[in-house]
Amino acid sequence: MSAVTDWNALDDDSFRQQVRSFFRANYPEELRYPKTRLRWAQIRDWYLTLSKQGWLTPAWPTRYGGMGLEPSKLIIFYEEIELHGVGRAPDMGITMVGPLLIQNGSEEQKDYYLPKILSGEHIWCQGYSEPNSGSDLASLRTEAVLDGDEFVVNGQKTWTTLAQDATHIFMLVRTDKSAKKQEGISFLLMDVTTPGIERRPIRNLAGHEEFCECFFRDVRVPKANLVGEINRGWTIAKALLGFERISIGGPKQSQYAIARLEELASHLGLESDAGFMDAYARLKLDVLDHAALYTRFIDQVRRGEKLGSDVSMLKVIGTETYQKISQLLIETAGSAGGLVDDVEMAGEDFDWLTSYYNARPATIYGGSNEIQRNILASQVLGLPS
Amino acid sequence: MSAVTDWNALDDDSFRQQVRSFFRANYPEELRYPKTRLRWAQIRDWYLTLSKQGWLTPAWPTRYGGMGLEPSKLIIFYEEIELHGVGRAPDMGITMVGPLLIQNGSEEQKDYYLPKILSGEHIWCQGYSEPNSGSDLASLRTEAVLDGDEFVVNGQKTWTTLAQDATHIFMLVRTDKSAKKQEGISFLLMDVTTPGIERRPIRNLAGHEEFCECFFRDVRVPKANLVGEINRGWTIAKALLGFERISIGGPKQSQYAIARLEELASHLGLESDAGFMDAYARLKLDVLDHAALYTRFIDQVRRGEKLGSDVSMLKVIGTETYQKISQLLIETAGSAGGLVDDVEMAGEDFDWLTSYYNARPATIYGGSNEIQRNILASQVLGLPS
Amino acid sequence: MLDTATEAERSDQLRLLADSATAFASGRLSLARARKLRGEKPEFDPAMLAELAGQGWTGLLLPEELGGFGLGFAEAAVVIDSVAGQLAPEPLVPVAVLAAGVLRRCAAGERRDALLGGIADGSVIPGLAWQNATGGLDPADPAFTATVQGEGWSVSGQARFVRPGSGATHFLLAARSDKGIELLVVEAGSDGLKLVSEAQADGTSLARISVEGLRVAADAHLSLSAADFAAAIDEAVLMNAVELLALLRRMRTMTQDYLKTRVQFGKPIGSFQALQHRAVDLLIQEELTAACLNQAIAAFDAGSCSVDERSSYASRAKARAAEAAMWTAREAMQMHGGIGVTDEYELSLYVNRTLALAPWLGNASAHRRRYVRLNPPKAGSDA
Amino acid sequence: MLDTATEAERSDQLRLLADSATAFASGRLSLARARKLRGEKPEFDPAMLAELAGQGWTGLLLPEELGGFGLGFAEAAVVIDSVAGQLAPEPLVPVAVLAAGVLRRCAAGERRDALLGGIADGSVIPGLAWQNATGGLDPADPAFTATVQGEGWSVSGQARFVRPGSGATHFLLAARSDKGIELLVVEAGSDGLKLVSEAQADGTSLARISVEGLRVAADAHLSLSAADFAAAIDEAVLMNAVELLALLRRMRTMTQDYLKTRVQFGKPIGSFQALQHRAVDLLIQEELTAACLNQAIAAFDAGSCSVDERSSYASRAKARAAEAAMWTAREAMQMHGGIGVTDEYELSLYVNRTLALAPWLGNASAHRRRYVRLNPPKAGSDA
């Protein structure tokens, strides 16, 4: 455990060095660069290691048990996570519930929930999307009706990432059906073991179960689980989208995928195939230029500036580049392109379909790329609707 | 001059052979495969040659001086025109005014105008588009107000192909401002020397003048120049779009452009450049498959079936393939790609920018590709608006 | 029969065949069945293959004297379209087109005729083993080598991408010898025949077949010319393109329907112009594919093409169909949003089948390359 | 100066420079002027080039002791952006970046210093002649050959794509010799120097320069290393990318404005989602270009890159800028409809300048290839 607590006082290089050394010394080698999302059973030990180190919540203020990192240090921390290939732990408590409670929660809520996130006792999942409310999230219909000191919740959530590993869920629910759609929504916390909640894993086309559907039938939730004022949930939730908006547009996935492509190509001796090289060159430069654009936005964050709507373009170009790389990977695999998992090619194993599968939802979740383009058209280009 | 007049009685091969021989014997060698639209002064002799042969108006009924070809023969006739690289004469009289008058004109109009088209005395141009009515043609505002026995016309037309070579113009004009936009439009014929008409050539970005703007200030036109009923012009004009809709989607331009690309590539020895070959292969197959699809529609015409809205897809894919080829041509020219007209490359002359320039308006005129996609979406896919 | 029937007669016959194929497919080949067979060993139902044979579909292309129907590729395409559209995992193209196409080009004889008769009645399910481990596509250079040894032959080598693998009753090992192409017929499960399954995206598998000095009796040896061998492969490539067209058409239609019914922001999402235009682009790709395939099928059925022309048609067809199907799969998923990437929704079954069928016998990129290798750009190709 | 100024100081200076460049460009460099100069001989105004020199812009990158300002590429980019944005045909990049960059890398001496001083004050307008007739881009293999002859040199060869051609006061003939790269300085109009103009899309021209056994005196001979020669070319490539960014930004902005004002079907066409999404894609390309160029410029100014790293940055920048500019040109024309392809509307001036500048010193495709040649894919590049 490190004695230093004022991380911001360190110079960038020393800080980076400390983070890197810790990851190298403590993160399990076999979990580096995981191909699919890790389950709680796999990542739990690392979660607790980070917690013990005091590094679980780098962005939280120190008084709540966080590292209190300023933006430039936070960026370094995340860069090192990516460089070392550290897997993503269930982080909804860390990145969403924590900051949200710190901003909007009551003292009781903070005192009760925050320590349990740090300890790993509570694992959170997010209940926003519904079957009929995807791109149009504000049309959500899961309803919470106040009955005495309890809300009675009925409805369905979907695309709930790793709900099967969670102990708690935070939700947007409709508490006023008569109001304009954004104005009748509240933010509610819930123990997933509350009677009336059913979680059903959704198998994706690769055969994995990263998401769940959650069904709510007359689920009774204490009124005290409301965060902020009633019918103000939309505003509360929107305010959270700060750093998240840039991390979804990062170059990590593309860089990882193009490294796989480079390995395959160099193994197959494709440097001398001008056709492959032309296709590869386009994507390589897309990755590099996307990373350059990402750096431009990161510099903005580092300088403490607020990000505008233009940050949406990072997600659009980043995820589409990722998809194109995954397509070229399959194409490069030739007749073997339809084989799953690790596939032997001229004496070495490669896995192209996992990249292809992982790249698919990237343009759908976190606001589909169509929605991002709508935002850019109206808010950045000022085009009329 | 051929003695045979019942062309349809000939078998296809003999007919094709006769057409081919005539073109070979009579069409000026130096005008084959013209790179830009020919002017009247260049093509006049050929127009008169065709006229003398009785072949100027292959689709018109014989009693009006046409060849009266049935669809399958007509297709052969046009195929041979394309194969031989016969330049397009000012054909608005032949393809538009003639058929329109035959269908909708009064006997006086037919007797007066048709022979003059055949003789080359009248050269027609089309006054449909206006500066503010491009894709949304029905919003046109050039107005014709009845004043005694004359219409008084005020307004402006644009994109009037080769109006500077024309003696007459046929126009859509607004005759009822209070009606729904398609329902207040009439079809009017005009001598371009009528006082109040001013034609101004539009120079395009290649420096050529294929189009004109036409200004109308208190132009007085006899009421007798109205074709069909008043306020029925939209319907009359729309009814014409039969064979036109398929010819705009033909493979000729792409085939011509890819032949230029093949010449350049083979001259530069690019068969061994897998990068070039990959890019070329995509476009070559696009050209071939577009031609296959074109043939499917032509077969429909040959069987005498009516074409549906789905014919729009020919224009979309054909013109976009043409554009892509023109881009690859420039790219293949390397450092010389910005040089205009005939450019020497390793001892031979090539012209890539003309293809590039010609390919640009192809996706704009005749209903922009955006409009074509809208049509396909609503009328073929049945997607809601 | 192809020669004598008039165009109108044939088109009537095709319509009848299409009706009966559609009826059979919708009655007997459910998507639920296809879903259930994923990952099974074998991943298809031999009884269903026998049923298809009972319909006459495994012998469609075989001459009547060998128990077949002597029909053409237009007829085969109609049947394959229906079967592929219902995602039936039964290896119709590998058996009835590829293996049968190779066998019927071998010299007549007891062994050959028995195998072909077995294909026609569904009792024989052969897998042709010819591609090497990196997926080489040159029929003149098959994966095995064969030498005469005593009365019989000795075969060695390893082939990959063999369909069917598990579930096959026989393997046809294509081998080089001093004299040309040899075909060694080996029963599945024979001693010395090593089979490893490689799982595909769609829950089917491809086999790796290895043998080392395997003895094969003289009467299990067939031979054919490299050109005939190539011709059979081109036929399978073309019919594989027909399967891909069936898949892409269904993915596109599902998407078209979804665009009309899925409501967001108070409107069907199909009213959004950006999606409309993308949906139109898929339609155009489908029509290009259909036009290209029909042209190729007509040329194959006309029978007047040179070997290279046939290969060119096959490559054009496969290149277009595979590219268009992969494109349609991506766009279909995107336009469906989250549900489009779930296992539960049927689209994913089509996507995964596309992922498996597009690379088989060479992906779009490989076939574009083959096309231009056969037809290099040259000056003066017009005018 | 670059070393000592703080980041904040420099960014203030850049802002001041940008303001003055913008003011000058909008006051003195009208589009009407650019339009009028098309096809003239010379196709630029030497007096205007002298005015640019008067602003200090032709000597921006030259050291102070040679009459320059010793500024960096960030500063040069600011100026070039303003000048290119107004379509000024004056050869700022060819003279102040390419020729000046080559000359300042030659050994000091009277002739060299006089030329550089002349560039800085606008009296000398040299065109570097180095590419062969098919547009080879290898600086180690320039178009001419030179041999020592008596006291002087003899030069032969033909170069193409020389800017400026007409209007140049001097030509710098880059030649191979036994020893390396030689630079022979020849005055325009000299006997034995043959110049043919080739017209470009934008009304400017490129020159072909041929000489056969031309005698050049010893004092008109300069030499530099192949690496230095390449370095100067990379700088011109990067600044050429800056010009392309200026063009594409203006084309995109014109299109954005047009989408807001052009009404069809009772609505601004910018309300149609398909066009919105395409407009967004252009915005993204512009931002990618800007980010890529800024990174390259910073790396050049930092001065810590290897020769290959500099070439890689230059190629990345040119590849992106040329591709994005050509893309933007096409989409801008399409979204404007008919008016977008008229000579009268200003968009066509930008399109034609793009067509001329994108291929100069290698098009996007050539630079992508150079990038991956310098940085071939290899295993283990991450983790």
Side-chain angles (χ1 to χ4, degrees), chain A residues 32-33 82-85 252 255-268 270-272 274 276-286 288-297 310 312-314 316-317 320-321 348 369-370 372-378 380-385, chain D residues 252-253 255-257 259-261 263 267-296 298-299 312-313 315-321 323-324 364-365 367-373 375-383:
Chain A
R32 290 182 67 189
Y33 301 104
E82 296 193 358
L83 270 171
H84 194 69
K252 178 187 174 184
Q255 285 166 345
Y256 182 79
I258 207 153
R260 300 291 77 72
L261 179 62
E262 286 164 356
E263 282 171 7
L264 179 60
S266 108
H267 184 67
L268 297 176
L270 298 180
E271 303 88 345
S272 58
F276 170 80
M277 289 294 273
D278 278 0
Y280 161 70
R282 276 183 191 274
L283 297 178
K284 181 69 179 183
L285 298 192
D286 282 349
L288 291 169
D289 294 347
H290 172 245
L293 186 57
Y294 178 75
T295 303
R296 197 205 92 187
F297 281 99
D310 54 346
S312 279
M313 68 178 82
L314 282 181
V316 171
I317 189 71
E320 292 175 10
T321 299
E348 246 181 65
N369 286 21
E370 287 77 15
Q372 306 290 351
R373 282 192 170 85
N374 288 348
I375 292 171
L376 289 163
S378 71
V380 180
L381 295 179
L383 296 178
S385 59
Chain D
R252 197 195 58 69
T253 313
T255 305
Q256 181 179 353
D257 293 345
L259 289 174
K260 290 179 191 174
T261 51
V263 173
K267 293 196 231 177
I269 60 172
S271 66
F272 293 108
Q273 196 194 31
L275 297 188
Q276 290 185 342
H277 284 198
R278 286 158 60 183
V280 164
D281 287 337
L282 297 186
L283 172 71
I284 293 176
Q285 285 302 313
E286 178 182 318
E287 295 289 346
L288 284 176
T289 309
C292 165
L293 265 56
N294 286 337
Q295 204 172 63
S312 299
Y313 273 119
S315 280
R316 249 182 76 191
K318 178 64 193 279
R320 173 66 57 189
E323 187 81 24
S365 166
H367 279 284
R368 279 194 297 266
R369 287 186 165 193
R370 191 172 76 140
Y371 182 87
V372 291
R373 207 164 48 237
N375 306 276
K378 47 179 184 287
S381 56
D382 69 347

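By convention in this document, chain letters (A, B, ...) are assigned in the order of the sequence lines, proteins followed by strands, and residues within each chain are numbered from 1.
Contact annotation: the side chain of D:Pro377 approaches that of A:Met277 to within less than 4.5 Å [non-hydrogen atoms, C-beta and beyond]. Looking at heavy atoms from C-beta onward, D:His277 lies out of side-chain contact with A:Val316 at the 4.5 angstrom threshold. Within the 4.5 Å cutoff, the side chain of D:Lys260 has no heavy atoms near those of the A:Leu381 side chain.
If you take CG on A:Leu293 and CD on D:Glu286, they are separated by 11.0 Å, rounding to the nearest 0.5 Å. With rounding to the nearest 0.5 angstrom, the CD atom of A:Gln372 is 9.5 Å from the CD1 atom of D:Ile284.
Neither the backbone nor the side chain of D:Arg278 comes within contact range of chain A, judged by heavy atoms closer than 4.5 Å. Using a 4.5 Å cut-off between heavy atoms, A:Asp286 contacts chain D through both its backbone and its side chain. Looking at A:Asn374, both its backbone and its side chain come within 4.5 Å of chain D, counting heavy atoms on both sides. For chain A, the nearby part of D:Ala319 is the side chain; its heavy atoms alone come within less than 4.5 Å. For A:Glu82, no part sits under 4.5 Å from any heavy atom of chain D, backbone or side chain. Only the side chain of D:Gln295 comes within contact range of chain A, with heavy atoms under 4.5 Å apart.
Interface summary for chain A: among D:Asn294, D:Leu275, D:Val372, D:Thr289, the most heavy-atom pairs under 4.5 angstrom belong to D:Val372. Contact count against chain D (heavy-atom pairs under 4.5 Å) is highest for A:Ala292 among A:Ala265, A:Ala292, A:Gly382. Of the listed residues (D:Gln273, D:Arg316, D:Lys267, D:Glu323), the one with the most heavy-atom contacts under 4.5 Å to chain A is D:Arg316. Counting heavy-atom pairs closer than 4.5 Å to chain D, the top-ranked of the candidates A:Leu270, A:Leu314, A:Leu376 is A:Leu376.
Scanning all heavy atoms of the two residues, the minimum distance from D:Ala379 to A:Ser266 falls at N-OG, 3.6 Å. The shortest non-hydrogen separation linking D:Gly270 to A:Leu383 is O-CB, 3.6 Å.
In this structure, A:Glu271 contributes its side chain and D:Arg373 its backbone to no donor-acceptor pair below 3.5 Å.
Not a single ring pair (Phe, Tyr, Trp, His ring centres under 6.0 Å) links D:Phe272 to another residue, sequence neighbours left out. In this structure D:Ser365 satisfies the side chain to side chain contact (heavy atoms under 4.5 Å, CB included) test together with B:Glu331, D:Asn363, D:Arg368, sequence neighbours excluded.
For the side chain to side chain contact (heavy atoms under 4.5 Å, CB included) with D:Leu288, the qualifying choice from A:Leu285, A:Leu288, A:Ile317 is A:Ile317, the only one to do so.
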